[in-house]
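Notes for the one structure printed next.
Every heavy atom of this structure was used, including side-chain atoms; hydrogens, water molecules and symmetry mates were not. None of these values were measured; they are calculated from a predicted model. Read the numbers this way: they start at 1 and go in the same order the structure lists the ligands and their atoms.
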Amino acid sequence: MSELRFDGKVAIVTGAGGGLGKAYAALLAARGAKVLVNDLGGNFQGQGQDMSYAEAATREIRDAGGIAESNGDSVATSAGANAIVQDALKRWGRVDILVNNAGIVSASGTLGTLTDEEWEKDMAVSASGTFYLCRAVWEGMMERDFGRIVNISSGSWFGMGSAVPYPAAKGAVWAMTRSLAAATNALGKNVKINAIMPIAGSRMTQLMGPEIHGLMERDFPARAVAPVVAMLAHESAPCNGEMFTAGGGGYTRVFAGVTQGYRATDKDWTPETALAQFDKVMDTNGFHIPEGSMDEAALYTSDVPWEAFKPFIK
Ligand code: NAI
């Protein structure tokens, strides 16, 4: 197989001053991309601001022979996100690749202890940040009929118990990925949006305590996630709207499916019937992975012309 190269491509990697983002930016640059290294430079809880974080990562990439520029705007406001994209456009005229990596974990408590501010901060960086950045690059990618967006979700989405705003925001990232991919599929555009749930030792995993953090850094280095991001950012990316876990040198598909379930036609059915059918509904044998919301609805009946909803996508 020939090497996957990014010569001439322009990439934005948010939150690329350190950790995973720096590893993504470094790999894309090492393979020829011009990379805008964005990072606000606060701590992992989202406090503070320090431009030198993005600048140091940029220097490292340049010292290794790559092309990179720094940007210190925040992804968490539409003005900041627009400024990041404008910065790349001013320097290089277009954006081909966007990696929405910036993230924080502002809180670690259980629900009763969480504050409004903690909810709003996590949602602002991971969910709103991804939305603002995708929106800011969208028109350009659609016009040029080329784009690759890699969104960074999190395995916390599977259920974590504490720090609820963080998995909630990362779940929004997956839902956004599915919806944007459904739009580009419907429009027949060569713009692909996928997501990953990384696993890597970083300053964020210090939350897990020194012992686990040390093991994470040893067995799950950030660089071991980067090949999956690069594959999804490449023009040969083989999928749209997919999600993968990635870490330690491997990756797996994550999917949302529906079971065969119980699909009767009696509109006046009862809670007792629902309970009686529970085991059948939970049985994952013969499950189906819907391509989109209409596909899922069509599993109930094809009498309704679900396809008719597609023209609403513009
Ligand atoms: P990190 O804390 O080193 O990286 C996050 C980066 O985002 C930091 O450099 C930070 O300054 C930057 N950032 C924060 N708010 C920003 C804003 N408003 N604007 C621009 N930049 C901002 O942590 P790590 O582990 O490298 O995380 C990278 C991404 O991967 C995050 O989205 C995180 O949620 C996600 N993730 C990481 C996992 C892991 O195992 N390390 C697991 C699941 C998800």
Side-chain angles (χ1 to χ4, degrees), residues 12-26 36-58 70-85 87 98-108 120-133 136 150-158 160 163 165-174 195-208 212-213 215-226 228-229 243-248 251 254:
I12 295 174
V13 183
T14 68
L20 284 155
K22 186 167 85 174
Y24 308 152
L36 188 69
V37 175
N38 158 265
D39 206 295
L40 183 64
N43 66 12
F44 74 83
Q45 291 174 306
Q47 293 150 341
Q49 188 168 349
D50 182 359
M51 179 71 188
S52 68
Y53 210 50
E55 286 168 347
T58 302
S70 329
N71 173 284
D73 289 304
S74 173
V75 303
T77 64
S78 60
N82 290 343
I84 295 167
V85 173
D87 194 350
L98 167 65
V99 183
N100 280 310
N101 167 78
I104 58 169
V105 186
S106 75
S108 56
E120 281 152 17
K121 276 176 77 175
D122 279 1
M123 293 303 282
V125 179
S126 287
S128 302
T130 299
F131 170 77
Y132 296 142
L133 261 299
V150 186
N151 289 329
I152 308 302
S153 182
S154 159
S156 62
W157 173 89
F158 287 115
M160 198 161 80
Y166 178 73
K170 293 299 193 180
V173 168
W174 190 15
I196 68 157
M197 297 172 161
I199 309 167
S202 74
R203 62 181 195 165
M204 217 175 245
T205 53
Q206 284 167 5
L207 268 178
M208 297 166 157
I212 297 180
H213 175 64
L215 289 171
M216 291 284 290
E217 288 209 304
R218 188 192 71 186
D219 295 342
F220 294 90
R223 70 174 189 284
V225 175
V228 181
V229 170
M243 166 93 98
F244 305 92
T245 65
Y251 75 123
V254 179

Quiz item: Would one find more than 12 heavy atoms of other residues, nucleotides or ligands at under 6.0 Å from atom CZ of R223?
Solution: no
Quiz prompt | Protein heavy atom at shortest distance from atom 34 (O) of ligand 1 | solution = Y166 OH, 2.5 Å
Practice problem: Say whether, by atom type as modelled, one donor and one acceptor occur between the side chain of N101 and the main chain of G15 under 3.5 angstrom. | Solution: yes
Self-check item: Polar atom proximity, S154 to ligand 1 (N or O, under 3.5 Å)
Solution: no
Quiz item: Any sub-3.5 Å donor-acceptor pair from N82's side-chain atoms to S78's backbone N or O?
Solution: yes
Self-check item: ligand 1 versus V125: contacting region, heavy-atom distance under 4.0 Å
Solution: side chain
Quiz item: Could a heavy atom of F220 be found less than 4.0 Å from some atom of ligand 1?
Solution: no
Exercise. Identify, for atom 6 (C) of ligand 1, the protein heavy atom at the shortest distance, and state residue, atom and that distance.
Key: G15 O, 3.5 Å
Exercise. May I ask you to decide if K170's main-chain N or O and S153's side chain share a donor-acceptor pair within less than 3.5 Å?
Key: yes
Quiz item: Take atom CE in M160; do more than 12 heavy atoms of anything else shown fall under 6.0 Å from it?
Solution: yes
Quiz item: Nearest to atom 43 (C) of ligand 1 by heavy atom, A200, S202, P198, G129: which?
Solution: P198
Quiz item: Mind checking whether M197 has a heavy atom under 4.0 Å from ligand 1?
Solution: no
Quiz item: For atom 10 (C) of ligand 1, which of R203, Q49, K121 has the closest heavy atom?
Solution: R203
Quiz prompt | atom 9 (O) of ligand 1 - nearest protein heavy atom and its distance | solution = D39 OD2, 2.5 Å
Quiz item: Tell me, which protein residue and heavy-atom name are nearest atom 18 (N) of ligand 1, and how many Å apart are they?
Solution: S74 OG, 3.0 Å
Quiz item: Does ligand 1 have a heavy atom under 4.0 Å from the side chain of I152, from its backbone, from both, or from neither?
Solution: side chain
Quiz item: Has G46 got any heavy atom lying under 4.0 angstrom from an atom of ligand 1?
Solution: no
Practice problem: Using a 4.0 Å heavy-atom threshold (strictly under), name the region of L20 that reaches ligand 1: side chain, backbone, both or neither. | Solution: both
Quiz item: Is Y53 atom OH crowded by more than 12 heavy atoms from other residues, nucleotides or ligands, each under 6.0 Å away?
Solution: yes
Quiz item: Does K170 come within less than 4.0 angstrom of ligand 1, counting non-hydrogen atoms of the residue?
Solution: yes
Self-check item: side chain to side chain donor-acceptor pair (under 3.5 Å) between T14 and N38, worked out
Solution: CA-CA 5 Å; T14 68; N38 158 265; 4.7 Å; no
Self-check item: N38 contact mode with ligand 1 (heavy-atom cut-off under 4.0 Å)
Solution: side chain
Practice problem: Check if S153 has a non-hydrogen atom at a distance under 4.0 Å from any atom of ligand 1. | Solution: yes
Quiz item: Who's the nearest protein heavy-atom neighbour of atom 13 (N) of ligand 1, and how far?
Solution: A102 CB, 3.9 Å
Quiz item: Closest non-hydrogen protein atom to atom 5 (C) of ligand 1, residue and atom name please, with distance?
Solution: G103 O, 3.6 Å
Quiz item: About how many Å separate CG of L40 and CD of Q47, when rounded to the nearest 0.5 Å?
Solution: 12.0 Å
Self-check item: Gap separating the OG1 atom of T205 from the CD1 atom of I199, nearest 0.5 angstrom
Solution: 11.5 Å
Quiz item: Do any nitrogen or oxygen atoms of M204 come within less than 3.5 Å of a nitrogen or oxygen of ligand 1?
Solution: no
Quiz item: Mind checking whether T205 has an N or O less than 3.5 Å away from an N or O of ligand 1?
Solution: no
Quiz item: Nearest to atom 28 (C) of ligand 1 by heavy atom, N101, V13, L133: which?
Solution: N101
Exercise. Run the numbers for me: atoms of ligand 1, each under 4.0 Å from some heavy atom of G42, listed by number.
Key: 11 (O)
Practice problem: Output yes when a side-chain donor or acceptor of D39 lies under 3.5 Å from a complementary backbone atom of A16, and no otherwise. | Solution: yes
